[in-house]
Amino acid sequence: MQVGGFQDIAVASSGGYNNPIYTETAFASATMRILFIHADYMEYEVREKTKDALPIPDELKHGKIDEALVCFITAEEKDEKDVGGTSRAAVKEIQDVAKTVKTTRVVVYPYAHLSPSLAKAAPAREMFGHIAEDLVEAGYEVMSSPFGYYKSFKISCKGHPLSELSREIEVTAEAKKEEVSEAVKAEEKLVSEWFILDPSGKLSPLSIKDGKVDGFDFKSHVNLGKFAIYEMAKSREVKEEPPHTKIMRELELVDYEPGSDPGNLRYYPKGRLIKSLLEEITTRTIIDYGGMEIESPIMYDFEHPALKSYLNRFPARQYVLETPNKKTFLRFAACFGQFLMAHDMTLSYRQMPMRLYELTRYSFRAEQRGELAGLRRLRSFTMPDCHAFCTDMGQAKSEMLVRFGVAMSLLGNIGFSVPADLELSIRVTKDFWENGKEHALEMARRWGKPLLLEMWDRQFFYYVMKYEINFVDASDKAAALTTDQIDTENAKRFDITYIDADGKRQFPYILHLSPAGAIERNIYALLEKAYMGMKAGKVPILPLWLSPTQVRLVPVSSDQLEYCKSLLSRFESVRADLDDTDDSLNKKIRKAEKEWVPYIAVVGRKEVESGKLNVRERTGKEQTEMTVEELQARILTETKGRPFKPLSLPKPISLRPGFRG
RNA sequence: GCCGCAGUGGCUUAGUGGUAGAGCGGCGCCUUGGUAAGGCGCAGGUCGAGGGUUCAAUUCCCUUCUGCGGCUCCA
């Protein structure tokens, strides 16, 4: 079995029994093997010692039980790595099977013959002990046959289909339970107070009453109200499929990839183009701001002390993978690579704030299965991550304000109305608030409308303050697009220092900015925004600079086809294509509208004669006569300051394969 | 991860314990059309996968994969 390959499932036939299924997973998770037989009775007799035998009392040398689930269990070498996890997983499997065959009696039978790579005696004995104890605790009557002896046994297998079922079961997932980070656990104990902070500095405490947020009048701030409920209330009722997932597939942008892990998507040419443009504008914006773009590995040593300790302060679950020589985890952000790099840097206070930037393609988070949602929540995503290393809290705060401005302007350039389309949240420790509320008040002023403030009773994470710029979608769910944090811990953890004016080594404060959230979330938010506009009676559209096709040339008949082809080459830095099919004019218009093409240029006999285009605008539907150059100038004006990339598909649309029907 | 719902040709779907129809799309022919579906014809499905029950399963049962909703959680 290769790392990263598909699961191999070999089915061996086994006489009249159900087929045993052998499975192996890619990584070195525990794979204890169990053969289940639901028996009318089972009886064993100890014969001889093996080298691993410990003395046992006489009463254990013989055993008999009626109507029981007999579990022949082999502990394998791999299981030694996680004795507790493997045992728990095995118990769970046994309970599942016992429930299925409706029995409360279980035989735990150490059975070495199911694996060529046995565990050593001590850990194996321990695992069998745990399994038997846990089963007793769960209320089962358990007969354990002794470990380390040759035994004879008699068994009478029941006849009916489900119960006589014998299988070998893979026992893997549960073993990972202990690797949930401390921060994930800490969050359960987190105590928060909530407020609305308005630009004038007024603080209104919020509370929850009957599922509604009380303490502020949300009449003229409807989305802020939805956002507050989303953050504070624990129950939400939504039924429909998120609109953006439907649209992302209909427009042939992005799709699910069942052949990968959930939350890892595939991008068709149009989707890749959009994502690529968003990546470009983000990277360009951060470089303009002063970010130094670097690149770092995507996997890291699980046992590296600083990394491991950081993992436990970050509320996320990791993809863990086994390399030929170590256990590694996939990065969930660019922090690891940048901090390890910063650790080795020589840094003077004169060079600060110092900004490192990387666009992570990808960051990985092993989100729980039910947490995944289209482009909103993924297991692998592209995150721009820019850390600023600051001399002190004062510099950290003022640098954060600079970055806040950068983020607002970036979101505006992408195509959001800022702040109208978005909601700001600020989260602080009580201590930070009491000593530095002026910082939050300044952000409130710059934001210009009320925001949600969360106050923690103490510091649970590596940061004392963070803000998020959130998008509230068509289902009233919220997702953070931008976030920045003041990190007070990681400089020490990674031993990152700078030399101050007195020549002394000091630890910097570190800001963690994701300036436009995950790139995927921008696409999600743009699609949801288009959908909400549609529900309000507007025509859905993408920002012009992101529209895969900006101009579609539509000849009225095939007589104008050659002429249209010659027009194509006159468009520069504009994505123009051509409907060269022999569909009717109506049909060609309809196709272009369904693709959300912003400008449809119809060319018939009249246009060939006049040398102009008859341009149909998506928004408004009015038809305007203009030349190629006029249309091009208009598009260039409307997309000014944004990156351009050429169309990622053949210009004659008849040459395009259908990516999904 | 847990609980619930869903999965039928490339897409959207109808339907049934006796191996399936439609529209779109595709292909072919006709049509040369002035701003959201021109006409005719053809091909295409082991009904997500594996197993079980049954004389017979797409339909019933179990398992599994993928998606959605809820819990939980986030960029």
Side-chain angles (χ1 to χ4, degrees), chain A residues 6-7 9 11 18-19 21 23 96 100 160-162 165 167 169 173-174 176-177 180 184 187-188 234-242 245-246 249-250 252 256-263 314-317 332-333 360 363 365-379 381-385 468-471 475 477-483 512-522 524 539 554-561 582-594 600-607 614-616 618 621-623 657-661:
Chain A
F6 286 91
Q7 252 193 11
I9 299 180
V11 179
N18 296 341
N19 294 330
I21 296 170
T23 62
D96 281 352
T100 312
H160 71 89
L162 264 180
L165 167 116
R167 305 188 285 186
I169 292 185
E174 294 303 303
K176 293 292 164 224
K177 263 193 176 152
V180 169
V184 170
E187 269 191 324
E188 288 167 17
K234 293 297 173 192
S235 175
R236 294 175 284 273
E237 301 266 330
V238 189
K239 283 274 153 72
E240 81 264 34
E241 166 189 4
T245 59
K246 203 174 175 203
R249 293 190 292 154
E250 280 174 357
E252 285 194 337
Y256 298 111
E257 179 49 83
S260 180
D261 199 41
F314 196 95
R317 294 171 166 83
F332 52 73
T360 65
S363 287
R365 299 186 187 183
E367 308 293 13
Q368 297 189 80
R369 192 65 183 73
E371 293 170 350
L372 300 170
L375 286 166
R376 184 163 72 91
R377 190 87 184 275
L378 295 158
R379 281 189 177 166
F381 56 97
T382 300
M383 187 173 74
D385 202 358
E468 290 147 8
I469 300 178
N470 300 275
F471 179 82
S475 316
K477 297 190 175 186
L481 297 187
T482 296
T483 185
H512 298 235
L513 171 68
S514 181
I519 298 297
E520 294 83 351
R521 278 206 177 160
N522 286 285
Y524 142 81
V539 189
V554 177
V556 172
S557 79
S558 53
D559 294 341
Q560 293 84 36
L561 201 51
D582 63 354
D583 284 326
S584 66
L585 177 65
N586 278 351
K587 188 74 171 285
K588 286 187 270 201
I589 300 280
R590 181 167 193 267
K591 272 190 293 179
E593 294 286 4
K594 282 184 71 177
I600 300 170
V602 176
V603 177
R605 197 174 306 153
K606 279 184 281 177
E607 287 71 28
N614 185 301
V615 178
R616 171 183 163 122
R618 179 168 180 76
K621 301 279 182 273
E622 61 263 13
Q623 293 168 36
F659 283 89
R660 58 183 315 279

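Residue numbers start from 1 in every chain, and the chains themselves are labelled A, B, ... in the order their sequence lines are given, proteins ahead of strands. Computed over heavy atoms, backbone and side chain alike; hydrogens, waters and symmetry mates excluded. The structure displayed is predicted, hence computed values, not measured ones.
- When the C1' atom of B/rA75 is taken as reference, atom CD of A/Glu468 falls 9 Å away, rounded to whole Å.
- Judged by distance alone, with hydrogens and angles left aside, the side-chain atoms of A/Ser558 form no donor-acceptor pair with the main-chain N or O of A/Leu561 at under 3.5 Å.
- A/Thr483 comes within 4.0 angstrom of the backbone, heavy atoms only, and of no base.
- Rounded to the nearest Å, the gap between the P atom of B/rC61 and that of B/rC5 is 11 Å.
- Comparing the P positions of B/rA56 and B/rG51 gives an interatomic distance of 15 Å, to the nearest angstrom.
- Minimum atom distance to the side chain of A/Lys477 is reached by B/rG69, of the listed B/rG69, B/rG33, B/rU66.
- A/Lys588 comes within contact range of no nucleotide atom at all, as no heavy-atom separation falls under 4.0 Å.
- Two residues are said to be in side-chain contact when any heavy atoms from C-beta on lie closer than 4.5 Å; A/Met383 and A/Phe332 fail this criterion.
- When all heavy atoms are compared, the tightest approach of A/Ile589 to A/Ile600 is CD1-CG2, 4.0 Å.
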Between the protein and nucleotides 42-44 of chain B, are there any N/O to N/O pairs under 3.5 Å, and if so, what are the atom names and distances?
none

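- Using a distance-only test at 3.5 Å, with no hydrogens or angles considered, no donor-acceptor pair links the side chain of A/Glu252 to the main chain of A/Gly658.
- Among the nucleotides B/rU32, B/rU35, B/rA75, the one closest to any side-chain atom of A/Arg521 is B/rA75.
- Taking atom P on both nucleotides, B/rA37 is separated from B/rC30 by 24 Å, rounded to a whole Å.
- As rounded to whole Å, 15 Å separates atom C1' of B/rG70 from atom CG of A/Leu372.
- Across all strands, A/Leu378 comes closer than 4.0 Å to base atoms (heavy-atom distances).
- To the nearest whole angstrom, the two P atoms, one in B/rG7 and one in B/rA43, are 29 Å apart.
- Contact annotation for A/Glu607: base contact, defined as any heavy-atom pair under 4.0 Å involving a base atom.
- Comparing B/rG33, B/rC71, B/rC68 against the side chain of A/Glu371 picks out B/rC71 as the nearest.
- Within the nucleic acid shown, A/Ala478 comes within 4.0 Å of at least one base atom, counting heavy atoms only.
- In the set B/rU35, B/rG69, B/rG67, the nucleotide with an atom closest to the side chain of A/Pro262 is B/rG67.
- Nucleic acid contact class of A/Arg365 (heavy atoms, under 4.0 Å, all strands): base.
- Looking at which nucleotide of RNA chain B each of A/Ile469 and A/Val556 is closest to, the 5′-most match is held by A/Val556.
- A distance-only check finds a donor-acceptor pair linking the side chain of A/Glu520 to the backbone of A/Thr382 [under 3.5 Å].
- In this structure, A/Arg590 atom CZ and B/rG38 atom P are separated by 9 Å, rounded to whole Å.
- The interatomic distance linking A/Arg317 (CZ) with B/rG1 (C1') rounds to 8 Å, in whole Å.
- Comparing the C1' positions of B/rU19 and B/rC3 gives a spacing of 35 Å, expressed to the nearest Å.
- A/Ser514 places a side-chain N or O within 3.5 Å of a backbone atom of A/Pro384 that can act as its donor or acceptor partner.
- Applying the salt bridge (charged side-chain N to carboxylate O under 4.0 Å, His left out) rule to A/Glu371 yields the partners A/Arg377; only residues at least two apart in sequence or on another chain are considered.
- The CG-P distance, from A/Asp261 to B/rG1, rounds to 9 Å in whole Å.
- With the 3.5 Å cutoff on both pairing distances, Watson-Crick and G-U pairs in RNA chain B assemble into runs of at least 3 at B:1-7 with B:65-71, B:10-13 with B:21-24, B:26-30 with B:38-42, B:48-52 with B:60-64.
- In this structure, A/Tyr256 reaches the B/rC68 phosphate: one of its side-chain N or O atoms is under 4.0 Å from OP1 or OP2.
- Annotation: B/rG38 and B/rG10 have their C1' atoms spaced 24 Å apart (nearest Å).
- B/rU59 and B/rU53 are spaced 13 Å apart, taking the C1' atom of each and rounding to whole Å.
- Note on A/Lys246: every side-chain N or O is 4.0 Å or more away from OP1 and OP2 of B/rC11.
- Rounded to whole Å, the C1' atom of B/rC2 lies 41 Å from the corresponding atom of B/rG44.
- Between A/Glu468 and A/Arg521 there is no salt bridge, since no side-chain nitrogen of the basic residue lies less than 4.0 Å from a carboxylate oxygen of the acidic one.
- A donor-acceptor pair under 3.5 Å is formed between the side chain of A/Ser557 and the backbone N or O of A/Asp559.
- Closest approach to the A/Gln368 side chain among B/rU32, B/rU72, B/rU35 is made by B/rU72 (side chain taken as heavy atoms from C-beta onward).
- The nearest heavy atom of RNA chain B to A/Pro555 and to A/Lys591 marks one nucleotide each, and the one closer to the 5' end goes with A/Pro555.
- For the salt bridge (charged side-chain N to carboxylate O under 4.0 Å, His left out) test, residues two or more places apart in sequence or in another chain that qualify with A/Lys621 are A/Glu593.
- Atom-to-atom, CG of A/Leu375 to P of B/rG67 comes out at 13 Å; the value is rounded to the nearest Å.
- Side chain A/Asp582 to base B/rU32: no donor-acceptor pair is found below 3.5 Å.
- Between A/Lys587 atom NZ and B/rG38 atom P the separation is 5 Å, expressed in whole Å.
- In this structure a side-chain-to-backbone donor-acceptor pair under 3.5 Å is missing from A/Asp261 to A/Arg379.
- Checking B/rG34, B/rA36, B/rG67 against the side-chain heavy atoms of A/Arg618 singles out B/rA36 as nearest.
- For A/Lys621, whose side chain is taken as the heavy atoms from C-beta onward, the closest listed nucleotide among B/rA36, B/rU35, B/rG34 is B/rA36.
- When each of B/rU12, B/rC68, B/rA37 is scored by its nearest atom to the side-chain atoms of A/Arg660, the top-ranked nucleotide is B/rU12.
- Side-chain atoms of A/Glu367 and base atoms of B/rA75 include a donor and an acceptor less than 3.5 Å apart.
- For A/Asp582, the salt bridge (charged side-chain N to carboxylate O under 4.0 Å, His left out) test picks out no residue, with sequence neighbours left out.
- Within 4.0 Å (heavy atoms only), A/Gly370 reaches at least one base atom of the nucleic acid.
- As rounded to whole Å, 6 Å separates atom C1' of B/rA75 from atom CE of A/Met383.
- Of the candidates B/rU12, B/rU35, B/rG67, the closest approach to any side-chain atom of A/Ile589 belongs to B/rU35.
- Scored by the side chain to side chain donor-acceptor pair (under 3.5 Å) test, A/Asn470 finds A/Ser425 as partners (sequence neighbours excluded).
- If you check every strand for non-hydrogen atoms under 4.0 Å, A/Pro384 touches nothing.
- OP1 and OP2 of B/rG33 both lie 4.0 Å or more from every side-chain N or O belonging to A/Ser584.
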